[in-house]
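Note that the coordinates shown come from a computational prediction; the quantities given were computed from them, not determined experimentally. So you know, we letter chains A, B, ... as the sequences are listed, proteins then strands, and number each from 1.
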Amino acid sequence: MSNSFDKPYNPKDVEEKIYEFWEKSGYFAPEAHQPQAGNPNNDKTFTITVPPPNITGSLHLGHALNATIQDILIRKKRMEGYKTLWLPGTDHAGIATQNVVEKDLKKQGISRHDLGKEKFLEKIWEWKEKYGHIILNQFKKLGASMDWSRTRFTMDSGYQEAVKKVFLHYHEKGWMYKAERIVNWCSRCATSLSDLELEYKEIESSLYYIKYPLKDGSGFVIVATTRPETMLGDSAVAVNPKDEKYKPLVGKTLILPIVNREIPIVADFAIDATFGTGAVKVTPAHDFIDAEIGERNKLEIHKIIGQNGRMVPEAGAICEGLKISKCREKVIEKLKELGLLEKEEPYKHNVAVCYRCDTIIEPLPSLQWFLKMDNLAKMAIDEVKSGRIKFHPQKWEGVYLNWLENVKDWCVSRQIWWGHKVPIEGEEDVLDTWFSSALWPFATLGWSSSAEATADKPDSNDFKEFYPTQILSTARDIINLWVTRMIFSGVEFTGKKPFSDVIIHATILTKDGKRMSKSLGTGIDPMTLIEKYGADATRFGLIWQAMGGQDIHWAEEHVMAGKKFCNKIWNATRFVLKQIADCELRITEPQIENQNLTEADKQILEKLKNAKESVSKQTDAFEFGQALHDLYDFFWRDFCDIYIEENKKQNSLPAGRHGGKEILLYVLASSIKLLHPFMPFITEEIWQNLPVENKKALIIESW
RNA sequence: GGGCAAUUAGCUCAGUGGUUAGAGCGCUUCGUUGACAUCGAAGAGGCCACUGGUCCGAUUCCAGUAUUGCCCACCA
């Protein structure tokens, strides 16, 4: 390693070189593990499988924070003598990726249908090669000590085998079933979506009051609706059974306007008597609540909207083929003609939209695969309630449990092209992307593979050796999408929890507390920060702000502070090296009882001991920000401002002292070790320049 | 509608039942020959959101209010 200890510290001279050094030396792989004499951790493994980023784009600050957290844990455990594995990879991300590639093609005026399925999938694989690579490189720039030889993708052939095995297992158990049910349908993506894949958007629309004539000619019942066009599929009008106003009418028959179908007035507790007129039109085919009312009251189902978002023949001749919005106009026009539109009020409400393309979701009946959730949810609940899996901070257990306790069966089939095929003959559907992500902690370790290992089918010894993993660190918004499902999958298929501790890291917001988002232009690219300040400074800035799991209102000045801290460490090292240049010192632990020690010596050794304890404790408790603050204070205040200054004075005394030099070197070297998990590049570079016996690399030095 | 957080220096945030409440950045003044001006020394700047309660004592514990943010639900 070269030597130029110039001022100031320049990360560009160091980072790339150091990363290459680590990679070439093979230190990231568990195979590099060497037992440390007398270390009780020698036989223990420590594994993290990285949450695989979607191949839809590049990493954002949240990924950078999460990767830094995991790297800190892995590096510390590695130094503590554990056999560590941090497994990298990426996720195929079904709909998200399909949509991104479609958009990309659209720029050239091509649709996926122009290409056909096979060619389109080729395009997606090309995309994956390109972006998967970019993402993994970004992890490298950040200093992530991942074992690249074990990189996985959720569509690797070994992984596909695992998905198939899991699906068939559920099917044999009778938990995987096919049924025609009302589902969330995105007409643009032409696929079903789970509830978790929806977003809600407030829109300004109208509340229409429509008169439904009683068959006996005795008057009307007025219903209020935001969706008049769905009246074409009505099979009843419902009122609350306790609603005195309508009690006499329950059981009577109405004539559905335009359609002229006879429909009953039914009583159902789901109706809120205080909203609108207290009477609700019921369209079992196109509304979730109406579907339930329909089931309870054994109502007919009239499907009037097709999967392409247009009206089907059953909607009637005047509306057939129309888009939903056009049909609405038509129905309103017709009702006006008939004198049955009582009034129209402006009304604000939420509509569900597709989380990937923003199209309004249409609930409609469709034949889909469902996974029965009752048993699986119970298992997942039990793992957390029993304390076998712990969330940090603990409050997130509430989010997790609340969702599982109310969960409905999971619609796992998707009518898109990119994804794992539903195994079973003749199926064109693919699986929800989360169905495969759910297997990540064990499918990546070769759980499904046979004894014979190939490049594509990883050695199943990994599964034996590294599963269960220890830590899952992720973002709060995928607790239900992902964490719940990994936990029940792990227990169901391996009989073991997939990890023991779930870290829910801080969400990074803009300075004004808004969500960071690419589309709003409020996102910050971690690579820009690395370019500007260096990776260690970027990691410092991220972790400095990660206090107690609270949201981070992003403030770049902390990254600048990180850069200054790097410079401080660098220059303190220059000073120490200069002091010891004329002696043959080696790093040795000074005896605190040694009578030659000055008061200042004793104090700095005591403070070093405290800093070490505090950093260990805080890191093990996942309080990374606190750990870094403590280290910073120790190094800058106690070591540089106080001890080094004191040391200068002592050295200028005529008698001189040599003991001070030993301690200088010892405290510096110890600090460098403690700082390494947080700021790996600069510390490794410095280590390579210190007089160490049998020097290898700081990354594998003992903590 | 239900839930969870937050509210402390100009900004981003720590912290504590008990004399003078801290850090980073910013600001002011001074200091360049020896690790570092990406620095050092000194300093200004806070009714710790509001109201009430517990207590000898509350920024800290409790209750309520206000504001902000996030999550869940999705009322036609």
Return the orientation label for the A/H60 and A/H63 ring planes: parallel under 30°, perpendicular over 60°, tilted otherwise. tilted

For [N], does OP1 or OP2 lie under 4.0 Å from any side-chain N or O of [X]?
X      : N      : result
A/R574 : B/rC39 : no
A/Y347 : B/rA76 : yes
A/K564 : B/rC25 : yes

Could you check A/D477 against A/I552 and say which one's nearest nucleotide on RNA chain B is further toward the 5' end? A/I552

Side chain of [X], heavy atoms from C-beta onward: which of [options] has the nearest atom to it?
X      : options                : value
A/D287 : B/rA35, B/rC75, B/rA73 : B/rC75
A/H349 : B/rG40, B/rA76, B/rU38 : B/rA76
A/W636 : B/rC39, B/rC11, B/rA73 : B/rC39
A/H558 : B/rA73, B/rA6, B/rU12  : B/rU12
A/D641 : B/rC25, B/rA41, B/rA14 : B/rA41
A/K563 : B/rC71, B/rU38, B/rA76 : B/rU38
A/Q550 : B/rA6, B/rG24, B/rC71  : B/rA6
A/N567 : B/rA76, B/rU38, B/rG24 : B/rU38
A/Y200 : B/rA35, B/rA76, B/rC74 : B/rC74
A/A555 : B/rA76, B/rA35, B/rU12 : B/rU12

Output the rounded distance in Å from [atom1] ([X]) to [atom2] ([N]).
X      : N      : atom1 : atom2 : answer
A/K568 : B/rC25 : NZ    : P     : 11 Å
A/K648 : B/rG40 : NZ    : P     : 11 Å
A/I504 : B/rA5  : CD1   : C1'   : 15 Å
A/E202 : B/rA73 : CD    : P     : 17 Å
A/D633 : B/rG22 : CG    : C1'   : 10 Å
A/I508 : B/rC70 : CD1   : P     : 16 Å
A/R227 : B/rC74 : CZ    : C1'   : 14 Å
A/N480 : B/rC71 : CG    : P     : 12 Å

So [X], base contact, sugar-phosphate only, or nothing? Heavy-atom distance under 4.0 Å.
X      : answer
A/C566 : nothing
A/A561 : sugar-phosphate
A/Y632 : sugar-phosphate
A/W544 : sugar-phosphate
A/L207 : nothing

Is the shortest side-chain N to carboxylate O distance from [X] to [Y] below 4.0 Å?
X      : Y      : answer
A/R476 : A/D551 : yes
A/E397 : A/K390 : no
A/R261 : A/D234 : no

How far does the [atom1] atom of [N] sit from the matching atom of [M], given to the nearest Å?
N      : M      : atom1 : value
B/rG46 : B/rU12 : C1'   : 16 Å
B/rU67 : B/rU20 : P     : 35 Å
B/rA5  : B/rC13 : C1'   : 15 Å
B/rU16 : B/rG31 : P     : 40 Å
B/rC74 : B/rU59 : P     : 44 Å
B/rA63 : B/rU68 : P     : 23 Å
B/rU8  : B/rU60 : C1'   : 11 Å
B/rC27 : B/rU38 : P     : 13 Å

Watson-Crick or G-U counterpart of [N], or none if no pair lies under 3.5 Å:
N      : value
B/rU54 : none
B/rG24 : B/rC11
B/rG40 : B/rC30
B/rC48 : none
B/rC4  : B/rG69

Can any side-chain N or O of A/Y533 pair as donor or acceptor with the backbone N or O of A/E556 at less than 3.5 Å? no

Establish whether the base of [N] is bridged to the side chain of [X] by a donor-acceptor pair shorter than 3.5 Å.
X      : N      : result
A/K395 : B/rA5  : no
A/E645 : B/rA35 : yes
A/N350 : B/rC74 : yes

Verify the ring-centre separation between A/F391 and A/W396: is it less than 6.0 angstrom? no

Here's one to test your reading of the geometry: is the NZ or CZ of A/K648 within 45 degrees of the ring axis of A/F575 and under 6.0 Å from its centre? yes

What distance do A/H302 atom NE2 and A/T230 atom OG1 have between them, rounded to the nearest 0.5 Å? 12.5 Å

Determine, step by step, whether A/E199 and A/K201 satisfy the salt bridge (Lys or Arg N to Asp or Glu O under 4.0 Å) criterion, reporting the C-alpha distance in whole Å, the side-chain angles of both residues, the deciding distance to 0.1 Å, and the verdict. CA-CA 7 Å; A/E199 272 169 15; A/K201 213 163 84 174; over 6 Å; no

